[in-house]
Amino acid sequence: MWAAAPVPTPRRRRPRRGRASPAPCCPRRGPRRRAMRGRARELPGGGTSSLTGLSGPWRRPSREGMRSWGSSGSMHTAEMRQAYCTIDGIPVDILITGLAQNRSVEGDLVAITLDPVVQWTRMKGPNATCNSAIGGDSVVREIGETNGNHNRKKGQADAGCRFENCSNGVPDLDRMHLHHKNSGFSQAVKCENGNATVLKSNERDFNDGKSETARALQRICAMIHTHPGRRPTGKVLSVMKKSPRRDAVVGFLASFPEFPDGEQQKNQVGGNMMNNRAQSAVTGLIYLLPTDPKFPLMVISVSTLPDSVRQRLREGDAAVEKELVAARLDEWNEESLYPYAHVVRFLGKGGHVKTHMDAILFENAISDAEFSPESLACLPDNCWKIPQKELEARKDLRKVLTFTIDPPTASDLDDAISIEILSGGTVRIGVHIADVSYFVHPETALDAEARSRSTSVYTLKRKMSMLPSRLSEELVSLNPGVDRLAFSIIWDIDPHGNIVSRWIGRSIIFSCCKLSYDLVQDLICSDASQSESAVSSLQVHGIFERVDVIKSLRGLYEVSKNLKEIRFKCGALSLDTAKLMILFDEDGAPCDSYRYVRNDACFIVEELMLLANMSAAEVILNAFPDCALLRRHPEPNLRKFREFEAFCAKNGFELDASSSGQLHLSLSRIKEKLQDDPVLFDILMFYASKQMQSAEYFCTGDLISKKDDWAHYALSVPLYTHFTSPLRRYPDIIVHRILNAVIEAEQVYMKQKKSSTGRNGVKASCELMDRCFTGLQFSRDAAESECGKKALSAAAKKFKVPSSENLGEVAEHCNERKWAGRRAEEAGQKLYMWALIKNKEIVVCNARVLGLGPRFMSVYVPKLAMERRIYYDEVEGLSVEWLEATGTLVLDACRNKPAQRRGNQMKSRPIEEVAMVVNPSETMLSEEDEESGAAEAGGCTAKSVLLSGDAVKAPAVPAVLPLVIHYLSDIPVVLHATGGDYCAVDIGVRLYMASYFK
């Protein structure tokens with residue numbers, strides 16, 4: 001049985017250069033485990049197709065090929081290189097080890113063959129010796145998209161989680177599907193970015209192929225369920241489609257003899273570095289050491305490098321190997337041990353923030369280039385004003401009190417809100433979104449570039465906009481004091497929170513003021529003195545006064561509280577956690593960090609944006625059921641959630657994960673129970689987030705027979721889309737165009753029906769008194785009538801609504817770009833935290849133990865909201881005793897010299913790589929140091945994470961030997977910045993210990 005799925009490829013560990021230091025250049029890591037995940041793709045007509053032209057069977061590289069690349073001939077299979085294939089319909093990932101990966105790299109579309117059951121491995125894999133408190137995998141995962149993520153822009157009210165995280169090389173691998181409806185596994189399974197769809201292996205007719213693949217799927221799943229403790233293994237037969245990641249490799253150059261495959265070869269090679277570099281210039285080949293451990297070593301022809309670089313190599317210039325380069329993988333034939341690559345450009349010297357940020361953008365194919373002249377030519381002239389035609393055709397809302405609520409530094413304001421008090425306690429709430437689709441027309445250069453970028457990317461100090469700044473910050477941005485074109489959704493809501501009417505259409509608004517979240521929080525605060533001080537900073541434009549704005553804000557706050565209460569009663573889930581924010585000094589360098597907790601003002605915006613997105617989803621689906629762009633959030637990983645439930649039960653917490661609503665209630669009860677231990681609750685929240693799958697865009701036509709898969713799990717709603725941020729998300733522009741078509745069709749239909757009823761002397765029905773396509777009650781009869789069909793079809797052509805096939809491609813591209821943007825933002829956050837710690841040299845704090853074993857422990861660092869590993873095996877002067885029965889680790893000083901393992905030539909590591917040992921009389925950070933450090937941070941009023949103990953109540957006191965550690969113990973650690981000059985940047989963690997024998 002063979003299948004196709006994307007497989008990542010590992011790389012060998014990068015060598016250390018120069019002398020060892022207490023804070024090693026590159027942190028020690030265990031075996032790598034990786035898997036790529038993504039959305040399933042189905043082929044037309046049920047998902048089957050023919051598959052031809054596969055290459056020959058997998059072949060072991062020849063010894064001649066190995067020698068030609070300077071290897072000693074050893075294949076290094078003892079390094080346990082591993083990769084995983086995820087195939088939709090198979091409940092566990094397929095393990096691919098060592099040479100079985102057959103020159104594939106991460107994200108490749110490959111054909112694989114499954115091994116016999118007797119060759120399958122134990123499910124826990126290579127980390128079975130690390131007996132973790134929570135399933136053995138990485139516990140903490142940053143969530144890129146949560147309910148109301150306001151770190152860069154408000155209103156991202158989606159609970160999708162991060163696309164991919166391999167924290168310490170141990171990602172979440174398996175996905176159990178509660179109700180899998182794809183009968184797609186056969187002799188060939190096609191898969192991109194992780195999930196497979198069915199391909200037929202020959203020319204048989206469709207029905208025979210479908211039954212055959214269904215039977216094959218059943219046999220595979222039956223074998224897996226019969227052997228629950230085993231993981232399927234396999235081999236790669238062929239690379240069917242190369243991954244785009246081959247074009248985005250970042251790494252450092254290294255001369256051949258300088259890269260040893262072992263201590264013995266190092267002794268054999270010898271020589272000084274200058275001669276080695278000169279030899280590389282002579283031999284014409286040089287290594288590329290990728291910073292991403294998912295890539296293998298690569299070989300570059302020196303002749304392809306610039307003349308200046310070749311000259312520096314001939315002169316033995318060591319600085320060449322400190323420069324980060326961007327490269328592309330060219331080829332990897334059967335005779336080559338390593339793939340060939342070529343350098344695209346030199347990014348700069350390693351260790352500099354700008355250099356590594358450029359590398360992050362290159363790796364994720366994010367463009368920070370200026371917009372093309374063709375795109376800029378699509379914008380109107382500088383003297384553009386709203387045409388009179390638009391003033392007459394749109395609903396005039398300029399006399400309705402409207403304002404924006406954004407972060408204080410926001411410049412692209414794409415949403416505004418309004419409120420009017422009606423009779424009987426009813427309020428009229430309006431959400432007004434910048435009408436970007438008025439300026440960005442389909443099939444133009446500007447639309448093509450916006451689609452290519454798909455999303456704006458924010459990396460703290462840099463912003464890569466989806467649209468030109470003149471459009472996103474001037475023409476369309478809902479700036480205060482000017483008229484703006486908008487797309488509005490207005491609801492009448494009664495005192496009980498029920499929506500009694502709805503209006504959707506194009507409008508003209510006038511924002512009277514731009515408010516920040518903190519200012520709004522002060523204005524709605526019950527503290528009179530705090531509210532009065534905030535009023536003085538409130539600047540209002542137009543006919544309204546400050547008192548009107550304050551009254552409206554407090555009214556909106558009450559409405560949003562009611563909406564939020566109703567939403568959670570209906571089963572919504574919140575996984576909101578505090579987020580780390582970084583402060584910068586006057587020179588733009590990171591100076592401190594703090595925990596940002598969202599306030600009530602954030603939830604005002606969130607609830608209204610959620611309501612607008614749900615309303616837009618309902619309207620476009622009703623009118624265009626086959627080509628609506630929606631966003632879905634699948635149910636979480638069942639197997640992992642069972643582990644999470646077991647962990648909670650072990651610690652006395654009751655967890656009901658039968659639905660998103662029950663999970664939310666359970667977490668709320670646990671939070672109350674853990675009021676005295678907020679760190680443990682943070683761990684639980686991050687681990688709960690890890691079980692979530694990614695939210696994704698999709699075309700309804702692609703899943704027309706799987707409507708149960710349309711729902712959004714975290715929001716607990718059947719339909720959801722993105723409508724509220726068209727300045728920074730391309731899918732929102734598509735949704736606006738579809739809404740434009742619905743409104744146009746509605747107007748045409750109602751005009752024709754009114755004309756018809758007027759001629760016949762018949763009074764208009766209730767259907768015509770309300771809006772038949774955009775109102776609360778969708779008229780199916782109107783949409784399916786001959787007149788309605790013509791109106792919808794003509795409107796779709798006018799506004800160029802994409803076909804189902806084209807829309808599916810747009811959704812797939814937007815998903816990939818959104819995930820890439822999220823990875824870049826998270827990598828940028830880590831980079832600046834790395835730079836902050838590097839400037840401070842070391843940071844002492846407490847950590848919570850999550851996993852223990854004979855070789856390493858996993859710890860959660862609350863101050864960084866991340867999980868790290870500390871390896872303590874084979875450390876000089878350190879005795880390790882692992883008591884598996886009780887889950888206890890004892891670290892002590894060696895009384896005798898440890899015996900050398902037979903056949904083991906690895907030298908013991910110095911204890912400085914594992915722990916920072918100080919004399920008990922010394923103090924790492926005195927109170928005076930803390931005060932001076934806070935003053936140097938620029939007088940920031942935010943609570944410092946690195947300088948204060950707000951995340952962990954107890955101060956970090958150095959531990960003493962013997963050190964006895966249990967699961968969930970608090971231990972003192974030291975954080976330090978690693979890498980940068982020769983390898984990827986990272987944040988290392990060591991034990992913080994005291995000894996008089998230092």
Side-chain angles (χ1 to χ4, degrees), residues 155 390 393-395 397 414-416 429-442 447 450-451 476 478 484-491 499 501-509 608-631 697-701 717 719-750 770-779 782-783 788 791-804 806-807 810-811 814:
E390 294 299 322
R394 293 172 178 257
K395 190 179 187 68
L397 301 175
D414 49 15
D415 59 86
I429 304 294
V431 168
H432 315 281
I433 308 302
D435 193 357
V436 179
S437 61
Y438 177 84
F439 296 93
V440 182
H441 299 158
D447 179 66
R451 173 178 172 175
V476 185
L478 305 182
R484 284 291 183 258
L485 302 179
F487 222 124
S488 300
I489 302 182
I490 300 173
W491 308 270
I499 300 176
S501 70
R502 180 179 67 197
W503 181 88
I504 301 179
R506 296 177 287 263
S507 64
I508 297 178
I509 67 168
L608 297 181
M609 298 304 116
L610 280 171
L611 186 59
N613 287 333
M614 289 185 285
S615 297
E618 176 187 342
V619 170
I620 63 175
L621 176 67
N622 285 333
F624 297 102
D626 293 334
C627 53
L629 182 62
L630 300 184
R631 188 163 177 81
Y697 300 107
F698 72 100
C699 172
T700 52
V717 294
L719 302 174
Y720 191 71
T721 192
H722 275 165
F723 160 78
T724 55
S725 297
L727 288 176
R728 60 186 180 89
R729 291 189 307 228
Y730 187 76
D732 300 55
I733 297 179
I734 296 293
V735 171
H736 281 219
R737 290 172 181 166
I738 301 175
L739 278 174
N740 268 321
V742 177
I743 294 170
E744 176 84 2
E746 181 181 63
Q747 292 174 347
V748 171
Y749 174 81
M750 294 182 68
D770 199 357
R771 303 176 70 85
C772 59
F773 294 161
T774 61
L776 288 179
Q777 300 297 325
F778 179 78
S779 176
L792 287 168
S793 177
K797 292 180 180 179
K798 177 179 178 179
F799 290 95
K800 293 183 171 57
V801 174
S803 65
S804 178
N806 292 336
L807 192 58
V810 172
C814 291

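In what follows, every heavy atom counts, from backbone to side chain, and hydrogens, waters and symmetry copies are set aside.
No donor-acceptor pair closer than 3.5 Å links the side chain of Arg506 to the backbone N or O of Phe487. Between the side chain of Arg394 and the backbone N or O of Ala486 there is at least one donor-acceptor pair closer than 3.5 Å. Listed for the Glu746 side chain is a donor-acceptor partner under 3.5 Å among the backbone atoms of Thr774. The backbone N or O of Arg737 lies less than 3.5 Å from no partner atom in the side chain of Ser437, so there is not a single donor-acceptor pair. Ser507 places no side-chain N or O within donor-acceptor distance of the main-chain N or O of Lys395, the cut-off being under 3.5 Å.
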### Task
Check the pair Phe624 / Val742 against side chain to side chain contact (heavy atoms under 4.5 Å, CB included), numbers first and verdict last.
CA-CA 8 Å; Phe624 297 102; Val742 177; 3.6 Å; yes

### Task
Any chance you could lay out the side chain to side chain contact (heavy atoms under 4.5 Å, CB included) test for Ile490 and Leu397, step after step, and finish with the verdict?
CA-CA 11 Å; Ile490 300 173; Leu397 301 175; 4.0 Å; yes

#### Entry: side chain to side chain contact (heavy atoms under 4.5 Å, CB included) between Val436 and Leu727, worked out
CA-CA 7 Å; Val436 179; Leu727 288 176; 3.6 Å; yes

### Query
Where do His722 and Asn613 land on the side chain to side chain contact (heavy atoms under 4.5 Å, CB included) test, with the steps shown first?
CA-CA 6 Å; His722 275 165; Asn613 287 333; 4.2 Å; yes

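For the pair Leu611 and Val431, the minimum side-chain heavy-atom distance is 4.5 Å or more. Counting heavy atoms from C-beta on, the side chains of Ile499 and Ser501 never come closer than 4.5 Å. The closest side-chain heavy-atom distance from Phe799 to Pro442 is not below 4.5 Å. Within the 4.5 Å cutoff, the side chain of Ser615 has heavy atoms near those of the Arg502 side chain.
Exactly one residue among Thr724, Leu478, Ile489 makes a side-chain contact (heavy atoms from CB on, under 4.5 Å) with Ile433. That residue is Thr724. The only member of Asn622, Leu621, Ile620 that meets side-chain contact (heavy atoms from CB on, under 4.5 Å) when paired with Glu618 is Asn622.
By the ring pair (Phe, Tyr, Trp, His ring centres under 6.0 Å) test, Phe778 pairs with Phe773, sequence neighbours left out. A search for side-chain hydrogen bond (donor to acceptor under 3.5 Å, both in side chains) contacts involving Asn806 returns Ser803, not counting sequence neighbours. Every side chain to side chain contact (heavy atoms under 4.5 Å, CB included) that Cys814 has, sequence neighbours left out, goes to Ser454, Tyr697, Tyr730, Pro731, Val810.
One finds no salt bridge joining Asp447 and Lys800 here, because no Lys/Arg side-chain nitrogen approaches an Asp/Glu carboxylate oxygen to under 4.0 Å.
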